[in-house]
Engineer: 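Below you will find the structure I want to go over with you.
The figures here come from the full heavy-atom set of this structure, side chains too, leaving out hydrogens, waters and symmetry mates. For ligands, and for the atoms within them, numbers begin at 1 and follow the listed sequence. Start at 1 with the first residue, then count along the sequence.
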Amino acid sequence: MKTCLSELAMFGSQPAFAAPLYVGRPHTGQRERLFERISEVLDRRWLSNNGPAVTELEARLAQRLGVRHCLMMCNGTIALEVALRATGITGEVIVPSLTFVATVHAVSWLGLTPVFCDVDPETHNLDPRRVEALISPRTTGIIGVHLWGRPCAVEALAGIAERHRLSLIFDAAHALGCTWRGQQIGRFGRAEVFSLHATKFFHTVEGGAITTNDDALANRIRMMRNFGFAESGDVVEHGTNAKMNEFSAAMGLTLLEAWDSLIEHNRQQFERYQTALGGLAGVRLVEHEPGEERNYQYVVLEIDPIQAGLTRDELLAVLESENIFARRYFYPGCHRAQPYLARQSSAPPELPVTEQLVERVLCLPAGAAIGAGDAQRVSAIIRLALSQASAVRQRLAERAPVGATRARAAVSLAPGLVDV
Ligand code: T4K
């Protein structure tokens, strides 16, 4: 554990971690079970196109989430596109800018117009008080993102959608295993969309899922993900190829068996950070509503530069010199990333909370990326750097630019080019 300034790598000591510590590392589950399943897939010689492993995973996830339909998809981004198309959303769609760029790309890829809405400073999710003001005659949809797995203001957004006859869908990419008022995310809006990418606590390597309680919508999505084929074999819909393959489903079924232990591992790491960073001035650990279930996948800090003494980017630089590759998700906000920046009229969207958060949010290595003692070691470096903030700042200013890691390089680039 580093305890004095001279021990920091930026002052010439060895980095705290010999190998890079990343934000996420995929859980891989029980290898023998995975290999058994893959072997079964190979024996069946049924590798894709709604095979038995995909069907089984759909049924099991639907049961776990308490939703009528769970449709496995090739990834979360295409799943969002299919959900938007299947719900008939056209024209303008209200979205947060504080999200992974895939949320907004999905809208734009379909030729729809994203209208950026600010978020609530506490939850980091769409602020319902601001949504209504952005509704125009062209608006037909709202996408709420359950950022970091913390549920959106589901009831308030549903009320707005109902009053204005808009389709509400949720990007639940981060929110598998999280609850809103005790009910699993996956049951809300017209549809919810999950990412099952390798970086998620539960994954299928690449993959996604759409959940809905609407039978007709589920049927449409089922056809759309398979070129528009109906069960009869006729093409009756616009379609694409958004199917999940059997190997991905084999990974999903294997991780499903480890669901509780994966969350428990994440929870323990989260609580270690919570204890180790507690009471640190200028550092807020983003929390969920008490009493709700969660997957503890992301450990998200907000760094107040005045109280902390260092900016988020300065702290990031300290961590990187220690081989700790924290991330500033989702800098600089989608509205400042291309092509959205270039499309802006002379009056940029008013997103004061988002603008502040993209300068303050820092995601720490979490879950499977870290082992025993790592959360404490990372936290100790944060504490040490902040306790000696002026010396650290001076050292950073003196230092020659370091080798460009992705995030470091981003600090000096024009906004809008990286990170989201
Ligand atoms: N909506 C939201 C709100 C999302 O966050 C996402 C995806 C989507 C929609 C779209 O869903 P997908 O189409 O992706 O299913 C990563 C993930 O690729 C992306 O799925 C995720 N959100 C986003 C938040 O994180 P990057 O650009 O940060 O990935 P990358 O390559 O930098 O990896 C992140 C960390 O994980 C690094 O620390 C390295 C580590 N890693 C990554 C991979 C792939 C590993 O250790 N092993 C691995 O195999 O986007």
Side-chain angles (χ1 to χ4, degrees), residues 17 19-29 71-84 93 95-109 114 119 124-126 143-152 169-176 178 185 191-210 225 240 242 244 248 251-252 255 295 297-300 316 319-320 323-331 333-334 337 354 358 361-371 374 378 405-410 417-420:
F17 293 88
L21 200 63
Y22 293 114
V23 161
R25 286 253 110 160
H27 291 282
T28 47
L71 298 138
M72 306 315 296
M73 311 292 284
C74 59
N75 62 56
T77 307
I78 304 283
L80 275 167
E81 289 168 21
V82 170
L84 283 161
V93 184
V95 285
S97 170
L98 186 69
T99 180
F100 190 56
V101 74
T103 315
V104 180
H105 278 346
V107 172
S108 175
W109 196 259
V119 294
H124 297 187
N125 287 330
L126 267 189
I143 304 180
V145 180
H146 305 302
L147 208 70
W148 325 127
R150 180 168 175 152
C152 288
I169 67 176
F170 288 106
D171 177 340
H174 303 174
L176 200 59
C178 301
I185 294 294
E192 301 214 59
V193 178
F194 295 94
S195 166
L196 303 178
H197 180 258
T199 50
K200 304 298 184 285
F201 97 91
F202 172 85
H203 70 88
T204 56
V205 184
E206 287 278 0
I210 306 178
R225 78 173 169 186
T240 185
M244 176 176 278
S248 283
M251 175 58 103
L255 287 177
N295 58 37
Q297 179 172 292
Y298 291 101
V299 174
V300 184
L316 184 70
L319 293 174
E320 286 188 353
N323 250 342
I324 302 164
F325 291 90
R327 292 289 286 273
R328 46 189 197 166
Y329 287 141
F330 291 105
Y331 179 87
C334 296
T354 300
V358 295
V361 164
L362 188 63
C363 282
L364 297 179
I370 58 176
D374 289 347
V378 172
T405 66
R406 187 173 169 187
R408 278 289 299 160
L417 297 181
V418 282
D419 258 334
V420 282

Engineer: I need the contact type for Phe325 against ligand 1. Using non-hydrogen atoms and a strict under-4.0 Å cut-off, is it side chain, backbone, both or neither?
Structural biologist: neither

Engineer: Under the side-chain contact (heavy atoms from CB on, under 4.5 Å) criterion, do Asp171 and Phe100 qualify, and how do the steps go?
Structural biologist: CA-CA 10 Å; Asp171 177 340; Phe100 190 56; over 6 Å; no

Engineer: Answer with yes or no whether Pro26 contacts ligand 1, where contact means a heavy atom under 4.0 Å from a ligand atom.
Structural biologist: yes

Engineer: Hey, which of Phe201, Trp148, Phe330 is the one that makes ring pair (Phe, Tyr, Trp, His ring centres under 6.0 Å) with Tyr298?
Structural biologist: Trp148

Engineer: For Gly24, is at least one N or O under 3.5 Å away from an N or O on ligand 1?
Structural biologist: yes

Engineer: Is any N or O atom of Arg327, backbone or side chain, closer than 3.5 Å to an N or O atom of ligand 1?
Structural biologist: yes

Engineer: For atom 24 (C) of ligand 1, which of Trp148, Phe330, Phe194 has the closest heavy atom?
Structural biologist: Phe330

Engineer: Would you say Leu176 and Leu196 make side-chain contact, with heavy atoms under 4.5 Å?
Structural biologist: yes

Engineer: With side chains defined as the heavy atoms from C-beta onward, is the minimum distance between His174 and His146 less than 4.5 Å?
Structural biologist: no

Engineer: Does an N or O from Asp171, backbone or side chain, lie closer than 3.5 Å to an N or O of ligand 1?
Structural biologist: yes

Engineer: Keeping the roles fixed (side chain from Ser97, backbone from Cys334), state whether a donor-acceptor pair exists under 3.5 Å.
Structural biologist: yes

Engineer: Please confirm whether Gly207 comes under 4.0 Å of ligand 1, counting heavy atoms of the residue only.
Structural biologist: yes

Engineer: State, to 0.1 Å, how close Leu319 and Leu364 come at their nearest heavy-atom pair, and which atoms those are.
Structural biologist: CD1-CD2, 4.2 Å

Engineer: Taking only heavy atoms of Thr99 into account, list the atoms of ligand 1 that are under 4.0 Å away from them.
Structural biologist: 3 (C)

Engineer: Could you tell me, atom by atom, which parts of ligand 1 come under 4.0 Å of a heavy atom of Ala102?
Structural biologist: 8 (C), 9 (C), 10 (C)

Engineer: Between Ile324 and Pro365, is any pair of side-chain heavy atoms under 4.5 Å apart?
Structural biologist: yes

Engineer: Taking side chain as C-beta onward, heavy atoms only, is Met73 less than 4.5 Å from Met244?
Structural biologist: no

Engineer: Just heavy atoms, cut-off under 4.0 Å: does Thr77 contact ligand 1 by side chain, backbone, both, or neither?
Structural biologist: both

Engineer: Any N/O of Val145 closer than 3.5 Å to an N/O of ligand 1?
Structural biologist: no

Engineer: If you measure from atom 20 (O) of ligand 1 to every heavy atom of Lys200, Arg25, His146, His174, which option wins on shortest distance?
Structural biologist: Lys200

